[in-house]
Amino acid sequence: MPAAPRIAPSTLFTPEEWTPFQSRSAWVGPLLVAHCWTVIALAVVAGVLIPWLIPLCVMVIGTRQLGLAILMHEAAHGGLSRNLRLNDVMGHWLCAVPIGASLTAYRPYHLAHHRFAQQAEDPDLMLSAPFPVTPASLRRKLIRDLTGQTFFKQRVLLPLAQLRSSSPKGDSAKGMGDSAHQYESVVTGRSVLPFLAFNAVLLAGFVAAGVWWAFFALWLLPMATWFPMVTRLRNIAEHACVEGSSADAFRAARTTRAAWWERAFIAPYWVNFHAEHHLFMHVPCWKLPALHRAVHARPQAADMEVAPGYASVLKTATRRPA
């Protein structure tokens, strides 16, 4: 199993230059988690008070549900808190469980992705390997996301198939548990009961507030539509169509220079700086913009894959002729 190529910080930085990127904050991680939930709460209130804003609120909430996944990812690297116990509690109960994930299951899976990035053993390789595709193929995928089909497969069919496959008569469900569904299994299939319990409590809160319908319109609907779509866009942007990524540490991933509206509706919490994250995966996410500037002040950065925006990424990812 050949590991992905690595570089040491000393390749680019002096010890003094690297020191600021090594430090971790005791308060930024918790503030980011609080920020994510505050944005969700404000969008819910806006949708309840001004119903014609609901489509916009669905987009905002779905993006912040992705934000919870990104902060779970940060916790997988120990970046939410210097206190590892607090890091794991926040990453699991406040970030992973609400979106149906498990930090305990996600961490070894994701670290294997870093160890074998874009190698045959990379568990995320299936997310980038099919690209480029035709525009029609991507359009079909996005339609499945926005119409809830992806959500239904991940949150209903896959857990049911796993349940059947774990039973003595589960051979008929074997096909649903193969490698083609490994990513969905790790992210959405390992925390079903806590996810259902969280949503039951959340629904009870909406009912107590007299707005039971908002649970479905302003929590489940974003999770079933916008969240899967922006998750797909994130996955495409990170690794798809980056040539030489299995052999060159500087080309292990793509960074996308996101505009403010892309950060608001597609890529929250600096997730767009993925090339820098793969270079130095223990740098906290809020330091990635500074790391991006520091790395790109070096000549080695000329080899890195940087896209000017998500439209450019999608153009590259759909360059296969019909």
Side-chain angles (χ1 to χ4, degrees), residues 4-5 56 59-60 62-67 69-70 73 113-114 117-118 122 124-146 150 183 225-281 283 285-322:
L56 179 64
M59 296 165 64
V60 170
T63 304
R64 293 302 140 177
Q65 289 168 336
L66 172 61
I70 292 165
H73 164 268
H113 162 64
H114 274 275
Q118 298 301 289
D122 180 0
D124 274 356
L125 187 60
M126 71 191 78
L127 300 176
S128 58
F131 292 91
V133 298
T134 65
S137 175
L138 180 61
R139 186 162 54 249
R140 288 192 297 269
K141 291 176 173 61
L142 298 181
I143 290 173
R144 288 198 296 269
D145 294 338
L146 289 174
T150 302
Y183 176 78
T225 57
W226 195 259
F227 177 28
M229 189 195 71
V230 291
T231 298
R232 187 183 299 277
L233 295 181
R234 170 199 173 181
N235 291 330
I236 293 171
E238 288 177 349
H239 291 287
C241 305
V242 182
E243 296 179 2
S245 57
S246 63
D248 185 347
F250 286 94
R251 297 192 58 77
R254 174 189 288 105
T255 280
T256 304
R257 292 193 174 119
W260 69 266
W261 62 269
E262 291 173 312
R263 295 194 298 272
F265 294 108
I266 299 175
Y269 304 122
W270 310 283
V271 70
N272 53 303
F273 292 102
H274 204 60
E276 292 76 14
H277 173 63
H278 266 265
L279 273 181
F280 305 113
M281 66 178 178
V283 174
C285 63
W286 56 90
K287 294 189 176 184
L288 291 178
L291 180 62
H292 173 79
R293 293 189 294 270
V295 169
H296 282 265
R298 273 68 179 173
Q300 295 93 326
D303 294 331
M304 296 175 73
E305 184 82 7
V306 179
Y310 282 86
S312 172
V313 171
L314 294 182
K315 183 177 179 180
T316 299
T318 56
R319 65 190 179 202
R320 177 176 293 179

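The first residue of the sequence shown is numbered 1, and numbering continues consecutively from there.
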Kindly say whether [Y] contributes a backbone atom to a donor-acceptor pair with the side chain of [X] at under 3.5 angstrom?
X: R251; Y: E243; answer: yes
X: T255; Y: A275; answer: yes
X: R254; Y: A237; answer: yes
X: W226; Y: F265; answer: yes
X: T318; Y: P135; answer: no
X: R263; Y: A258; answer: yes

I need the single residue from E276, H278, H277 that forms a side chain to side chain donor-acceptor pair (under 3.5 Å) with H274. Which is it? H278
Minimum heavy-atom distance [X]-[Y], with the two atoms named:
X: Y310; Y: E262; answer: N-OE2, 3.0 Å
X: A301; Y: V295; answer: CB-O, 3.3 Å
X: D145; Y: M229; answer: OD2-CA, 3.6 Å
X: P5; Y: S246; answer: CD-O, 3.5 Å
X: T63; Y: P268; answer: O-CG, 3.6 Å
X: A307; Y: V313; answer: CB-CG2, 3.6 Å

Quick one, [X] and [Y] - any side-chain contact, counting heavy atoms below 4.5 Å?
X: L142; Y: L233; result: yes
X: K315; Y: S312; result: no
X: F273; Y: L291; result: no
X: T150; Y: R232; result: yes
X: D122; Y: H239; result: no

Once you round to the nearest 0.5 Å, how far does [atom1] of [X] lie from [atom2] of [Y]?
X: R319; Y: C241; atom1: CZ; atom2: SG; answer: 4.5 Å
X: L279; Y: H292; atom1: CG; atom2: NE2; answer: 11.5 Å
X: K141; Y: L146; atom1: NZ; atom2: CG; answer: 14.0 Å
X: I143; Y: L138; atom1: CD1; atom2: CG; answer: 10.0 Å
X: D124; Y: E238; atom1: CG; atom2: CD; answer: 8.0 Å
X: E305; Y: D248; atom1: CD; atom2: CG; answer: 11.0 Å

Does the ring centre of H73 sit less than 6.0 Å away from the ring centre of H113?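 H113 vs H73: aromatic centres not under 6.0 Å.
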May I ask you to establish whether R64 and Y269 are in a cation-pi arrangement, using a distance under 6.0 Å from NZ or CZ to the six-membered ring centre and at most 45° from the ring axis? yes
